[in-house]
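Encoded as structure tokens, the structure appears first; notes follow it.
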Amino acid sequence: MPLALKDILCIDGVRTTAGSKILEGYVPPYDSTVVKKLRGAGVPIVGKANLDEFAMGSSTENSAYGPSRNPWDLARVPGGSSGGSAAAVSAGFAPLGIGTDTGGSIRQPASLCGVVGVKPTYGLVSRYGLLAFASSLDQVGPFARTVEDAALLLEAIAGHDRMDATSIPEEVPPYVKGLESGVKGLRVGVVSDWVEGEGVQPGVTERVRAAIESLSSLGAEIGEISLPSFRYALSAYYLIAPAECSSNLARYDGVRWGLRAPEAKDVVEMNVRSRTAGFGDEVKRRIMLGTYALSAGYYDAYYGKAQQVRTLVIRDFEKAYERFDVLLGPTSPTTAFKIGEKADDPLAMYLNDVFTIPSNLAGAAAISLPCGLAEDGLPVGLQLLGPPMSEGLLFKVAYAYEQARGPVDAPPLWGRS
Amino acid sequence: MGPIVSAYETVIGLEVHVELATRSKMFCDSPTTFGAEPNTQTCPVCLGEPGSLPVPNKRAIEYLMLIGLALDCRIAPHSLFHRKNYFYPDMPKNYQISQYDLPLCVEGHLDVDVDGVERRIGITRAHMEEDTGKSLHVGTTGRIAEAKYSLIDYNRAGIPLVEVVSEPDVRSPLEAQRYLTELRAILQTLGVSDVRMEEGSMRCDANVSLRARGTEALGTKVEIKNLNSIRSVSRALTYEIDRQQKALDGGDAIVQETRHFDENTGKTHSLRSKEEAFDYRYFPEPDLVPIEAGDGWVAEVRAQMPELPRARRARIASEHDLTPEQGAFVAASPSSVQYFEALLASGAAARDAAVWMAGELARALNEAGESIESARVPAADLAALIAAVKEGTVTLSSAKKAFQDAYTAGKTPLQIVDERGLQQVSDDDAIATVVDEVLASNQAEVARFRAGEEKVFKFLVGQVIKATKGQASPQVVDRVLRARLGDS
Ligand SMILES: [Zn+2]
């Protein structure tokens, strides 16, 4: 089954752009571990998919190579940052896709494009050969049209890698084998602030409520939960991720690869001019934010505080999983928005990831799968969240719901615009 | 330092960087070979290729732990790597992975003998970091800002470095020298580094300030960067102490700054002031997990601890009844102990072996600019020479000459003795002939001796030995000469 690879994973000898001008002409001299594993599993890579520059964005509009479009409505965004992979799978260009999820970059586009997207436990899939955005949050994961395909693809790419020190040294259990064991007696916690929360589109709430009923009728025990620390998660994320990005992106300086501004009078001017010309606005915004957050005198107030919030989020999750096996909510507060609609309002854009960010901060597993169309005829994503290494459980719940839901419509690709 | 007691007390802290002699780099499998073709000892990781990730070298961490244990440090059960962020082209990621506020080794000390007085120098910390590449700035000044272009060799990038930071307990350039010598001996004994300062595998930064004698508060400190020999450290400190003293005496304030030591002029000059200091924006390295040094692991590493120089010196001196100085020289490094033991195994007496090593061997090595590992006269050959002196077939002075010549000619000392006919002459008749010649040409001295001037006798012995080019046995010369002068 052919696969669309987010253009932020290295393939030896194949141009890698990360959606950025700064990597102009860059050809990696090595394969990422994920690509090696895909080759080993005999999965052909049909092409590299567009993304927000260095995976920073929620709409795939921040690409130096132009925006990607949503197959359900070409005037709308596919979500991001893995919008290219999600759109490719949704449109049927490839049955499988690979994305990366730092704050929701697999789950949110999966939701907006009506496909399955998995954000695995941090450390389950090797990051070796993934151009880093925020190292402590980045995680590679699969896109597919069905839960079973997503589970198969994750089996193929997961596993310990000695090239990644944060890789989990545990064996990957077979996900597909346990898919059909059902949800009877499973405790499902509905995150109430998300389902009815401020800014959640009514059609999204309605589809998620329907999904809850479906799981209930399959024998799952449904309860409600509120996670107070999660309201700070977004702010913490927008300090930690930019801080790490400001350091990770320092190596793009015109010295060794990619774009080099000509005729600079010295190395500092060369660095500055190359970076000024090479990076887009959103990347620059985050580099500046992160540089500031790490500065002497501000570190404790910003980066330090953010790490404390991260600990709170982990603790809230742990408490929640004493009562529930999995948590449930929408993936994104809204369906796909129009291209350009939020492009000039970074804060509105950041709010897209408010339900997905906590799992990244906690290094936990989560999955988004289609749960029907909203009142606007666009796909809604159901998000299932579990503790670290709960992929098997999440696949089982997702599969049970998917079977009950039945097949989803294909996008009316050329119908609207 | 002169004998005058200054009104100031000198306060020195030393930061020593040591390149570890692991086979592969700190965070990748690239080899650490010194002197290879530029950019051949590299891989995606140490070149900072987009997407590459660091994986710590366990051996390097164990080497650091060993250093910490040798310096009586506490091994932190939980320590971290941080990123030190700044832009420089020879640093491929534009950040350096380094330990910061949670280093592996803390609160140790090193006891140093300073002319018979024991001084305990506190060790604040010993931590791990990665080395940078090397830049060559092509242009008139050799500085990056004025360079026409720059070439970068990343072979050194990612080589494991340990930084050993002392407390400000060092009180003079001499103490600094002794501290560094002892630290180098320890590192050499542990086998964790080549500690070749000339190749840059050991480098030193020195912090120095003065304060009024008897006061506690520290004065404003100046950091002297990148000193590349123990001698440079001592010279730079001596200059800097004098400079600060003159400034304070003249009523000037010391500026907190970083200074560079110029080997040629012997002076330090300002590089940058505190206001220009970088903000490195340290934060925990997210690509690495914390180092968890459990008791089991620490005990395992401790079990590999060899006998340290201090204990070795004491043992060798007492075992072989040597003076402390001889003991110190012989036990200076594992290689010199090996050499010493080989001399003994080849039949040399301990005293003779120590005297020869501290004397002729040290001189030859010094002149050739070599260390004892590469001594060109094997211990067995030196032992044979020592035996020949003992047996009386070669005089001591001929033996010394033969040894130095052998060293440069690459032959054994006894080969030189044979080739040049340096064997000791103890034949009475042969010596008597020379004695007669000497007496004939020194009539005046003979007369003075006969008049009772005893010291002239020594002169005459010297003349005879000189006439035989040092080959005559002094005992025989003495006997024959006295007989001839009718004095026995
Ligand atoms: Zn390497």
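In the text below, chain A, chain B and the rest are named by the order of the sequence lines, each starting its count at 1. This is a predicted model, so every value here is computed, not measured.
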- Message: Is there a side-chain contact between A/R162 and B/V55 in this structure, where contact means two heavy atoms from C-beta onward sitting under 4.5 Å apart?
- Response: no

- Please state whether the side chain, the backbone, both or neither of A/T291 comes within less than 4.5 Å of a heavy atom of chain B. both

- Message: Quick check: closest heavy atoms across B/R83 and A/S135, and the distance to 0.1 Å?
- Response: NH2-OG, 3.6 Å

- Query: Thinking salt bridges, do A/D253 and B/K93 make one under a 4.0 Å N-O criterion?
  - Reply: no

- Message: Taking B/N94's backbone N and O only, do any of them form a donor-acceptor pair with A/R251's side chain (distance below 3.5 Å, no angle check)?
- Response: no

- Item | Residue-level interface, residues 236-249 of chain A with chain B, non-hydrogen cut-off under 4.5 Å | A/A243, A/E244, A/S246, A/S247, A/N248

- Side chain / backbone / both / neither for B/F283 at chain A, heavy atoms under 4.5 Å: both

- Query: Within a radius of less than 6.0 Å around NZ of B/K221, do more than 12 heavy atoms belonging to other residues, nucleotides or ligands occur?
  - Reply: no

- Note on the structure: CG (B/N85) and CG (A/L294) are apart, to the nearest 0.5 Å, by 7.0 Å

- Looking only at non-hydrogen atoms, find the nearest pair between B/P286 and A/T166 and report the distance. O-CG2, 3.7 Å

- At a heavy-atom separation under 4.5 Å, does B/Y86 approach chain A through its side chain, its backbone, both, or neither? neither

- Query: Between A/Y292 and chain B, which part of the residue has a heavy atom less than 4.5 Å away: side chain, backbone, both or neither?
  - Reply: neither

- For chain B, find which of A/G129, A/S136, A/A134 contributes the most heavy-atom pairs closer than 4.5 angstrom. A/G129

- Query: Mind checking whether A/P28 and B/E49 have side chains closer than 4.5 Å, heavy atoms only?
  - Reply: no

- For the pair A/Y30 (side chain) and B/S52 (backbone), establish whether a donor and an acceptor sit closer than 3.5 Å, ignoring hydrogens and angles. yes

- Message: Taking CZ in A/R285 as the centre, count heavy atoms belonging to other residues, nucleotides or ligands within less than 6.0 Å. Is the count above 12?
- Response: yes

- Item | Note, A/Y299 side chain near B/R281 side chain (heavy atom, < 4.5 Å) | no

- Note on the structure: Among B/P54, B/P56, B/G51, B/C43, the residue with the most heavy-atom pairs under 4.5 Å to chain A is B/G51

- Task: Can you measure from CD1 (B/I152) to CZ (A/R256) and round to the nearest 0.5 angstrom?
- Result: 6.5 Å

- A/Y298 OH to B/D279 CG distance, which is reported to the nearest 0.5 Å: 10.5 Å

- Message: Are more than 12 heavy atoms, taken from residues, nucleotides or ligands other than B/E292, located less than 6.0 Å from that residue's CD atom?
- Response: yes

- Message: I'd like to verify something: which residue of A/Y252, A/Y128, A/Y26, A/W257 has the highest number of heavy-atom pairs under 4.5 Å with chain B?
- Response: A/W257

- Item | Shortest non-hydrogen separation from A/L23 to B/P50 and the atoms involved | CD2-CG, 4.3 Å

- Select, from B/P89, B/P92, B/C28, the one with the greatest count of heavy-atom pairs under 4.5 Å involving chain A. B/P92

